[in-house]
Amino acid sequence: MSLPRPVSDTLIELLKPVASELGERLGANAVSERYAEIEPSGSSALNQQIKKDPRWIKAQMRYLQRQQAREQELIALVGAEERVKEERANRIKAQEIRDKRAISRLCRDLMREFQSEAIRVKLSEIQTIWDRDNWFSNLSRQETEQILQQQQQHRLLLLVAPAKISQDCPDSFRHNLNIELPAKLRAFLNQHYPPHGDLCPVQFYGDYFKKSISDIDVERLQTVLSPVPTAILYSDISDYEVNFHVGFWGVINQSVSLVAMQPWNWEEVYHQLEAQGKDKKLSLRIIRQIIVTIHKLLAAFLADLYYLNIDFTHEPQLFKLEAEFAQEWFSKDWAQPYIETLKEIQEQQRIVYKGEMRRLALREAKARAERQRLEEAELKRREEVEAAAKRVKELAHKLKHQKWRCVYTLPGHSSFVNSLAISPDGKILASGSWDKTIKIWNLETAELMGTLTGHSDRVNSVAISYDGKMLVSGSSDETIKFWNLHSGDLLCTFPGHSMEVNSVAINPKRQVIASCGGADNTIKLWNLRSGELLRTLKGHSDNVNAVVFSPDGKILASGSSDATSKVWDVESGKLLRTLSGLNVGVNSVAIAPDGQVLASVSNDYTIKLRNLQTGSLLRILNTHYAKGKGVTNLGTNEALHILQNYVSRGDSVAISGDGLTLVSGCDDNTINIWNLQTGELLSALKGHSGTVYSVAIAPSGNLLASGSADQTIKIWRCD
């Protein structure tokens with residue numbers, strides 16, 4: 001037997017709009033959102049993460065290649081015997097199914113992996129949420145945590161709440177419906193959407209809610225279960241009609257979506273059944289079965305919609321369930337709008353997927369062409385390197401036989417000598433100290449020319465302008481001071497940074513100075529003549545310890561305690577690149593005269609040399625392979641060599657004007673001289689009795705100065 005046609009038609013008209021609305025919200029929107037040029041959220045954000053994951057891209061490319069191979073095999077079967085053709089076609093079809101299921105498993109594994117951190121955070125917040133809202137006392141805290149913790153397999157969570165049944169409803173509703181609904185829905189889902197299945201697992205809870213719920217309760221629950229994609233079915237029944245409700249989140253995004261079906265007049269159906277001669281008990285039972293079946297249909301539709309959204313290979317189970325909705329009293333036409341909606345969305349997904357595959361194939365072709373281009377470029381580079389190797393070897397031999405000796409020791413400071421600067425003509429040395437003074441020295445005679453006082457805390461940095469007329473100093477008293485280098489007159493003072501000024505640098509081509517500070521983590525650019533603040537550069541997350549301009553004045557490099565160096569455009573203030581991978585804070589930076597190499601000194605006992613234009617690592621200086629053991633290749637796209645000679649945590653670094661040597665000060669009281677081209681340690685100058693905090697090289701390259709914790713400055717000359 002079947003329902004009266006008017007009853008069946010009424011139900012179809014009732015169910016059809018919901019299929020359309022849910023399909024629009026969960027299907028078509030998912031397709032467009034996934035590829036829209038917007039920043040997605042929630043489940044769509046997870047989709048975006050998956051699409052960018054190298055494991056997913058690799059699996060998709062492998063699937064594409066296997067699919068193309070299968071297509072070629074099918075083409076080759078033309079003209080074969082029917083039996084052979086059928087056998088091979090079946091084998092190819094089985095391979096296709098296996099490959100699709102492998103893609104599905106990977107998709108869900110990645111989604112579970114990306115969700116794990118959000119779930120961990122939510123578990124840590126549960127107590128606060130539980131205490132904030134008394135409504136949660138109606139739920140089981142243990143079950144809630146179990147739901148979150150059971151996400152070892154990615155699956156849709158589906159909850160059904162007890163129906164809210166009016167006291168005016170028949171006893172048959174109030175006594176039986178809330179028993180039948182979870183039991184039959186559980187049996188249905190366990191059969192067709194088992195929680196541990198491979199295709200479309202659904203984790204179902206029929207007794208999670210202890211009483212009926214409303215829209216506001218769905219929104220409350222989302223605050224706890226937001227990391228888990230969830231659908232909730234709930235209804236309320238008056239003495240004449242039923243209102244079906246669906247709530248969900250994590251399907252498209254993390255926001256709660258609520259959909260309500262048009263009220264269904266069950267009383268009218270009851271009278272129609274009664275007019276057919278059915279007794280009261282049977283009529284009410286049929287109506288209860290209809291209510292349960294609508295819940296099954298909605299549950300199946302939501303599950304298939306969700307898995308279609310995240311997995312292009314998903315074949316909706318609902319396509320196979322027409323018989324489930326064509327039992328006694330029911331018509332298979334009930335499910336037809338839902339099946340049609342799923343087919344439409346499935347076709348959209350396939351179109352989108354084919355486009356995605358075309359883009360992947362094109363990208364792979366471009367990648368192959370790029371690899372070939374790089375191989376050719378590498379071959380040419382190697383030829384150029386080999387041609388230059390001879391010149392480098394000759395130069396290295398010359399540098400290796402240079403002898404450095406200490407010609408002067410300059411006492412005078414009463415604390416650490418923290419900073420040194422040599423004038424462009426190589427005749428004057430300025431030294432800054434923790435004793436709050438700056439001293440000016442004649443480099444040729446070692447005579448003290450004057451002492452500049454005015455700072456009220458230690459002097460951390462000094463710099464001499466490129467015309468040799470002005471000295472700039474930065475201090476822990478939070479100020480920057482401008483001095484006449486020759487007369488020692490204080491020209492002006494202006495506030496620099498909060499806490500302290502760690503470093504100052506003067507642009508060689510423009511009337512600009514740069515300073516970096518302590519607690520504010522910023523770099524500031526000032527007009528050298530007027531002291532006007534031109535721009536503040538923000539980007540570091542900890543103290544900025546050092547700044548340096550490139551020789552052409554267009555680039556500024558900085559080093560910070562946040563374990564990064566940053567490269568900035570001076571004209572615009574734009575951050576060009578961040579050089580990470582430094583592990584620990586950066587104390588000092590220097591740029592080679594050709595503007596190609598950035599040297600940074602870190603607290604991990606290394607000096608790292610990078611290409612200033614690209615950020616690629618060129619070499620690392622430390623101690624392990626120092627004694628004539630050569631260099632190790634880092635790879636064609638990164639470093640040319642690892643040069644391992646460095647012995648301790650240098651606090652300063654300087655590069656000679658000819659770009660041939662690098663000098664570093666160390667906390668083992670030595671000054672190391674390096675061949676900048678090869679990374680070879682040429683000399684280790686000893687004489688200081690404390691950490692060497694500052695070094696400076698004269699433009700001629702054969703004179704250098706070092707400042708130490710032993711309160712002295714030493715002048716070294718190369719014979």
Side-chain angles (χ1 to χ4, degrees), residues 377-404 548 550-552 555 557 565 567 579 588-602 605-647 650 652-666 670-685 695-704 716 718-719:
E378 175 61 14
L379 179 61
K380 182 179 179 181
R381 186 197 65 79
R382 288 182 181 178
E383 291 173 351
E384 292 173 350
V385 168
E386 288 173 4
K390 186 177 180 180
R391 296 192 301 271
V392 171
K393 187 176 180 180
E394 292 171 354
L395 179 62
H397 179 78
K398 178 181 177 181
L399 292 174
K400 191 172 184 178
H401 289 82
Q402 288 181 338
K403 301 297 182 183
W404 290 86
V548 64
S550 62
D552 63 8
I555 300 294
S565 291
V567 180
L579 310 179
S588 181
V589 289
I591 296 177
D594 62 3
Q596 296 300 307
V597 178
L598 171 67
S600 61
V601 184
S602 302
Y605 301 95
T606 65
I607 299 173
K608 291 184 173 65
L609 305 181
R610 295 180 180 270
N611 184 300
L612 184 64
Q613 307 305 317
T614 66
S616 62
L617 181 64
L618 299 176
R619 42 184 71 91
I620 302 171
L621 310 183
N622 58 34
T623 59
H624 190 57
Y625 294 114
K627 307 302 181 182
K629 293 188 179 180
V631 295
T632 303
N633 191 352
L634 274 185
T636 58
N637 293 330
E638 217 177 36
L640 300 177
H641 305 292
I642 298 178
L643 305 168
Q644 300 174 317
N645 297 334
Y646 195 47
V647 71
S652 59
V653 66
I655 298 175
S656 63
D658 57 14
L660 300 180
T661 55
L662 179 145
V663 179
S664 60
C666 316
T670 66
I671 302 104
N672 285 341
I673 313 294
W674 311 82
N675 182 325
L676 188 61
Q677 304 299 313
T678 65
E680 182 184 3
L681 179 61
L682 301 172
S683 303
L685 310 182
V695 289
I697 306 178
S700 63
N702 65 348
L703 190 75
L704 68 88
W716 309 79
C718 175
D719 297 329

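Heads up: numbering here begins at 1 and tracks the sequence. What you see is a predicted model; the values in this text were computed from it and never measured.
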- Item | Charged N-O contact under 4.0 Å between Glu383 and Lys380 |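 Result for this pair is no, no salt bridge flagged.
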
- Task: Taking only Lys NZ, Arg NE, NH1 and NH2, and the carboxylate oxygens of Asp or Glu, determine whether Arg382 and Glu386 approach each other closer than 4.0 Å.
- Result: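 No salt bridge links Arg382 with Glu386.
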
Spacing of [atom1] belonging to [X] relative to [atom2] belonging to [Y], to within rounding of 0.5 Å:
X: Ile673; Y: Ile697; atom1: CD1; atom2: CD1; value: 6.5 Å
X: Leu621; Y: Thr606; atom1: CG; atom2: OG1; value: 8.0 Å
X: Arg610; Y: Leu618; atom1: CZ; atom2: CG; value: 9.0 Å
X: Ile591; Y: Ser600; atom1: CD1; atom2: OG; value: 11.0 Å
X: Ile607; Y: Ser602; atom1: CD1; atom2: OG; value: 9.0 Å
X: Leu685; Y: Ile671; atom1: CG; atom2: CD1; value: 5.0 Å

- Message: Given Ile655, which partner from the list Leu676, Val663, Leu598 fulfils the side-chain contact (heavy atoms from CB on, under 4.5 Å) test?
- Response: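 Filter result, single survivor: Leu676.
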
Which pair of heavy atoms, one from [X] and one from [Y], lies closest together, and at what distance?
X: Arg619; Y: Gln677; result: NH2-O, 3.2 Å
X: Leu612; Y: Gly595; result: CD2-O, 3.4 Å
X: Pro593; Y: Gly657; result: CG-O, 3.3 Å
X: Gly701; Y: Trp404; result: O-CH2, 3.5 Å

- Message: If you define the side chain from C-beta out and look only at heavy atoms, does anything of Ser664 sit under 4.5 Å from Val695?
- Response: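 Heavy-atom side-chain distance check fails, nothing below 4.5 Å.
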
- Query: Within a strict 4.5 Å, meaning less than it, do heavy atoms of the Leu609 and Leu662 side chains meet?
  - Reply: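 Side-chain contact under 4.5 Å: yes.
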
- Would you check, one step at a time, whether the test salt bridge (Lys or Arg N to Asp or Glu O under 4.0 Å) holds for Glu384 with Arg381? CA-CA 5 Å; Glu384 292 173 350; Arg381 186 197 65 79; over 6 Å; no

- Task: Could you tell me whether a side-chain N or O of Ser656 sits under 3.5 Å from a main-chain N or O of Thr661, the two making a donor and an acceptor?
- Result: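 At least one qualifying donor-acceptor pair exists.
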
